[in-house]
Structures are given as structure tokens and as C-alpha cells.
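Here is the structure we will look at, set down as C-alpha cells.
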Amino acid sequence: MQRKKKFLALLLVVSLVFIAACSKGNTEENKPQPNNGPTTEGDKPSAPVELTMFRDVSGDIKFKPGESMDNNLIYDAIEKDLNIRLKNIWVADAAQYQQKLQMSISANDIADLMQISLMQMQQLIEADMIMDLTDVFEQYATPETKAYMTGDGGKQMDSAKVNGRLMAIPSTGSPYGSSTQIWIRRDWLKQLGLPEPKTMDDVLAIARAFAAKDPGGTGKNYAFPLTRDFLNDGTFDIKGFFNGYHAYPGQWVKDENGSLVYGSIQPQVKVALQELQNLYKEGLLDTEFAVKDVAKVNELLASNQIGIAYGPFWLSYYPLFDNAVKDGKLVQDWWPYPIVSHDAEPALSQIELGVGSYYVVSKSAKHPEAVIQLLNKWVQAYNDPQEGDEVYLYRSEDSSNYWKINPIRVNSQTETLMLGQWVPEAVEAKDGSKLTGLEAPDRYNKIMKYLDGDAKEWAEYPLSGPDGALSIMYDYFEQDRYKFNEFFGAPGPAMTEKLAVLTDKINEVFTKIVMNQIPIEEFDKLVEQFDNLGGKQITEEVNTWYQSTAN
């Protein structure tokens, strides 16, 4: 409830600040940003501010005739609306962008504005090549932008700070989208008269009932889909099963002393592994999972041999849709449920930071405020589009992914959560007239088409309909049931050198334990080996970062 109160308070503050800002006019506190062109009839616009960039061009951008990444309607609109002229020093396709970018960084020849990785940001900071954006962000970012960029409580912005100073603009996104739900064949639950799961015992009982009573009529039914990379598989994401035992593999978590420890070697993981080994011994896990990828494992779901799958909110679109809808009819009724706990303590869904890249400004850039203006424009056009702003957000068939031309793109951290409230309410009222934004109306329309008999739109119903996956994600937030990775800094030398070896070792031991090739006691040996394989050095690095940055 504390998280909910903070979230609602944030929404209220944003609304009040935005209204107040609009009412102040051109006061000193809300003065017009420079280089925005004429303010009264007859004024002569100042010369455009030039901002250089390195750009990658995604292969899925469908340019309008005669356009390119150097010459397009969005760049024209930016010059018209903001008096900023964007100049691409070079443009590379997505496959070559990182290589060219690294060469430019190594040559100390960088653009004013660049999109980079966390590791590259660290490299540029150490080389003193990028600008401290703390003051320019504070001065030029609108109240709307500041609220938009801290919807997660400020974690994503904190990841771009060094010693409290903002060194980059994170390419924000929803961290909550990496949470998991339990997807279950609801038609099988009804067929066997089984209740919806409330505890881990319920989930295991459902798995065993599906196997014993074989509602799919295949002669063989398994508990869960596991892939060869089951600890890191983002599709059939078994981490939700581990979370039911309060285990968080792959994350850094706080111990009882307030220090960070590696989640994969904590005692709770052993308990979850034991349960998976038990299922394997009972014949309820595919004996060949260790050599199968998602596509191969999905064949078991398609052939009615699996009725439970841990996974993300979009699982109904891929890979379940092709299994569920055949010849215009729903033949597999999958439905998401919240992850459950093995005891009285609620299960927390582990999630990551949600930032894939960062925007940085060269220390030699003459107009860093122009970068914040670009950020403000994106947030305003995305959040509250005005007449003429449609150019920034083109998503129609004749301009596929045109919006990716925008020089700065930051996605809402909380919109996905709020869709879990807005869309179901509209569906239940059968009225989508109040829905706004880019996603909500489209999701509502697809659901209503499905409810009117169009099975081709089924995937949206369990995703964003009442009690669907987005509703579950919203409930997780209200109930404070998200578990963030406590480490979100750049990897240090020890982590860079040794984590891959550790990860391989952990995956090997976990797989052998699940497949009953080695006893569960081997987990204890792995914990002892962790420090000797580099884990001690990595843990020291992580806690040094944590003490200097997170506290």
C-alpha cells in the first residue's frame, strides 16, 4: 500500500505542477527556452541551433518517398517547432552502429548527442568526454518531463548518475514488463473441476492432475515448459516459479545485514531446485529440455502436452496464439494468474531496471539545453499530443516505425501498469471513449472485436482484459510485490572477466540437479565454490558500488 500511496501522490503532484506551470505564463520561473523561434508577429527567428548526432537506422523503419535518416519530416518538425537543426555525422544500420560508435569513442571524436550502452557511458566518464547534465536538466526539463522520467521512483535516473551527478539521460522503459505470471489452460481447469491457484501447493497439484488425468488426451502430460537456458529464458520464464520460494536467481539482493549478495546461491534457490527435481523424478518434466529452445519446447504446448507455463504478459501473443487459435476458433483457453507463494509470505516478481541504453552529450557540445528540449518535446508529444504532433508518433501502415526517427525516445515507466486499470474498466463498461494515448484505445478495440466473435484478436483479451496480465501487473504494483535487482551499475573488472564463467557453472549445476544427475547437496558445494571462481571479488565490487551510489 505504501507503493500505491506514493504512486497516487506522484500523479497528483504532476497534475498540480503542470496546471500551475501552464498558468504562470512567461514568468522568470517558466521562461521560454532559448532558440524557439519568434514569439510575436514580426519577430525574426534566431539561427537554428545545430546538434550533431551519430544515428543507427533500424531496418524496420519505412521511410516516406524521398526521405532518409538525414532528410525526413521529423527532423523538419524539430527545426520548425524547436529551432534545432539535427546533423548526422554518420548513419549506420543497427548491425554496424556499435562498431562505428566504438571506433569514434576510441578516436576521441564524438557527436554532440549519442545513444550508447552503460559500459560505454562508463568509458566516456572515465575519459572525461561527456557533460555533466545535472544543472541543465534541472533548469530546462519541464515538470512533466521530470515526473515522467521518475515514474519508477527514480531508479532509472539513478542508474545514469555518478556521485549524485546526472551523466546521461536513460532511455526509459517499463521495468514492470519483465515480471511473470502463471499461464494455465483454463479449459482444462474447468474440465477437471480444479480451482484457480492460490498457493504453490495448488500449482503443483494442478500440474500433477493434468499429468494424471491427461485432459489433452495425448497419453503424456508435463508440468512446465523448460528450455536449455531455463534460468535466462525470457519467454517460458521459470524465474516466476523460483520467486514462489522467495528465490531470485541472477539478481543481487540484500541480506540480513544490508549488504548485497548474489541471489543464485541463496538457500531459497535450493528449495526451488529440489521441487523441480522432484517433478523430474515423477516424470513431469521433459527429459530432453536441456537441448531444446523455445520453438522446440512450444511443440509440447501446441500438441496439448503442457497446460501450465510461467511467462511474461505478452505470452498470449507469442508463442501461445498459434497454439490457441485454429481456423478462426479458440481451441486452447490459456489465462494468466498471479505467481503464488509456498508459504504465508506473498511472492514477489523479480524485475530488472528496464533501461537498455543511454543518451549522452559531448563535453564540447555548445548547446546541451537543446538535448533537454528534444526530451521535453518527445514527452509532451507522447503524453499530451497537440495539433501537429502526429508527425512525431506516426505508426500507420504507410509509415511503419517512423517514430524511431526521433533523436530521443523515452518510454513511460508506468503506462503499462496503468493500462491494467484503464482498459479493463473500459471493457467492463463497454465504453472506450475516455481512453487516450497510443496503446489503450487499440487494446480496447481488439478486445471488443474478440468479444464480438473475432477469434483473431484473442491474444489481447487475456493480456489487457479484465483480470488479464496487465491487471495482474497493476495489482503487483499496488500490493508492493515487485522485486528489483539491487545492482544496476556498470560491471566492474571482476564482473566483466568472471561473471560469464560463474553463470555457465551455475547453469550447469542447476540443470544437472533438476535432471537428477547429481544430488541436491551439490548446490551446497556450488555455494562454496562461488567465491573461488571469482564470486568474492564480484561481490566486493558490487558492494563498493552500492555503498557509494545506492545509499
Side-chain angles (χ1 to χ4, degrees), residues 60 173-174 176-190 196 216 224-225 227 233-237 240 293-339 349 395-397 400-401 411 415-428 430 432 435 437-476:
D60 58 1
S174 172
Y176 311 106
S178 60
S179 61
T180 55
Q181 296 86 40
I182 313 171
W183 291 79
I184 301 180
R185 287 284 297 270
R186 189 166 57 173
D187 50 340
W188 287 3
L189 288 180
K190 294 177 181 177
E196 298 176 349
F224 313 118
T227 67
D233 191 294
T235 302
F236 296 126
D237 194 346
D293 59 12
V294 170
K296 277 295 183 183
V297 172
N298 187 50
E299 292 176 4
L300 297 174
L301 281 73
S303 60
N304 291 307
Q305 291 183 271
I306 292 181
I308 306 175
Y310 281 85
F313 72 94
W314 43 261
L315 207 66
S316 56
Y317 273 94
Y318 174 81
L320 296 184
F321 178 80
D322 288 339
N323 305 337
V325 179
K326 301 289 186 183
D327 299 323
K329 295 182 180 179
L330 184 66
V331 297
Q332 293 187 1
D333 185 12
W334 290 92
W335 197 261
Y337 299 91
I339 62 171
S349 183
R395 292 173 185 255
S396 61
E397 291 183 4
S400 177
N401 292 310
N411 295 316
E415 182 180 16
T416 304
L417 287 178
M418 297 311 300
L419 290 172
Q421 180 185 32
W422 297 333
V423 178
E425 287 179 351
V427 170
E428 289 174 337
K430 297 182 179 180
L435 296 175
L438 297 174
E439 290 192 48
D442 184 52
R443 293 190 182 279
Y444 171 82
N445 291 333
K446 288 180 178 179
I447 290 174
M448 299 314 290
K449 287 180 181 178
Y450 168 71
L451 294 177
D452 285 340
D454 186 356
K456 295 191 300 298
E457 301 294 353
W458 166 80
E460 192 62 45
Y461 186 49
L463 191 159
S464 60
D467 299 319
L470 295 186
S471 289
I472 292 171
M473 289 166 57
Y474 179 76
D475 289 341
Y476 285 169

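Quick caveat: nothing in here was measured; it's all calculated off a predicted structure. Along the sequence shown, the residues carry numbers beginning at 1.
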Using every non-hydrogen atom in the two residues, find where [X] and [Y] come nearest and quote the distance to one decimal.
{"X": "S303", "Y": "Q305", "result": "OG-OE1, 3.0 Å"}
{"X": "G468", "Y": "P336", "result": "C-CG, 3.9 Å"}
{"X": "A455", "Y": "G328", "result": "CB-O, 3.2 Å"}
{"X": "I182", "Y": "P338", "result": "CD1-O, 3.4 Å"}
{"X": "P424", "Y": "P466", "result": "CB-CA, 3.8 Å"}
{"X": "P319", "Y": "T235", "result": "CD-CG2, 3.8 Å"}

Are [X] and [Y] close enough that some pair of their side-chain heavy atoms sits under 4.5 Å apart?
{"X": "W335", "Y": "Q181", "answer": "no"}
{"X": "V427", "Y": "Y444", "answer": "yes"}
{"X": "S349", "Y": "I339", "answer": "yes"}

Can you list everything that forms a salt bridge (Lys or Arg N to Asp or Glu O under 4.0 Å) with [X]? Sequence neighbours excluded, please.
{"X": "D233", "answer": "none"}
{"X": "D293", "answer": "none"}
{"X": "D322", "answer": "none"}

Out of D442, I447, L470, which residue meets the side chain to side chain contact (heavy atoms under 4.5 Å, CB included) rule with V423?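 Going through D442, I447, L470 one by one, the side chain to side chain contact (heavy atoms under 4.5 Å, CB included) with V423 is satisfied by I447 alone.
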Please report the C-alpha distance between W334 and R185 in whole Å, then the side-chain angles of each, then the deciding distance to 0.1 Å, and finally whether the side chain to side chain contact (heavy atoms under 4.5 Å, CB included) criterion is met. CA-CA 4 Å; W334 290 92; R185 287 284 297 270; 3.4 Å; yes
Could you go step by step and tell me if L463 and Y317 meet the side chain to side chain contact (heavy atoms under 4.5 Å, CB included) rule? CA-CA 8 Å; L463 191 159; Y317 273 94; 3.6 Å; yes
For the rings on W183 and F236, is their centre-to-centre separation under 6.0 Å?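 Between W183 and F236, the centre distance exceeds or equals 6.0 Å.
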Quick one: do Y318 and N298 satisfy side chain to side chain contact (heavy atoms under 4.5 Å, CB included)? Show the steps, please. CA-CA 10 Å; Y318 174 81; N298 187 50; over 6 Å; no
I need the full list of salt bridge (Lys or Arg N to Asp or Glu O under 4.0 Å) pairs touching residues 294-321, with sequence neighbours left out, sorted by first then second residue.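 Qualifying pairs, neighbours excluded: K296-E299.
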Can you list every salt bridge (Lys or Arg N to Asp or Glu O under 4.0 Å) pair that touches residues 453-471, not counting sequence neighbours?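 Matches after skipping sequence neighbours: R443-E460, D454-K456.
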Report the C-alpha distance between F313 and S179 in whole Å, list the side-chain angles of each, state the deciding distance to 0.1 Å, and finish with yes or no for side chain to side chain contact (heavy atoms under 4.5 Å, CB included). CA-CA 8 Å; F313 72 94; S179 61; over 6 Å; no
Which residues pass the ring-ring contact (aromatic ring centres under 6.0 Å, His included) test with W188, sequence neighbours left out?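 W188 satisfies ring-ring contact (aromatic ring centres under 6.0 Å, His included) with F210 once adjacent residues are dropped.
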From [X] atom [atom1] to [Y] atom [atom2], the distance as rounded to the nearest 0.5 Å:
{"X": "Y461", "Y": "L330", "atom1": "OH", "atom2": "CG", "value": "11.0 Å"}
{"X": "W458", "Y": "K446", "atom1": "CH2", "atom2": "NZ", "value": "13.5 Å"}
{"X": "Y474", "Y": "L417", "atom1": "OH", "atom2": "CG", "value": "8.5 Å"}
{"X": "W314", "Y": "L320", "atom1": "CH2", "atom2": "CG", "value": "9.5 Å"}

Backbone N/O of L301 and side chain of Q332: donor-acceptor pair under 3.5 Å: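 Present.
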Indicate yes or no for a side-chain donor-acceptor contact from T180 to the backbone of P312 under 3.5 Å, with no hydrogens or angles considered.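 No, because the side chain of T180 does not come within donor-acceptor range (under 3.5 Å) of the backbone of P312.
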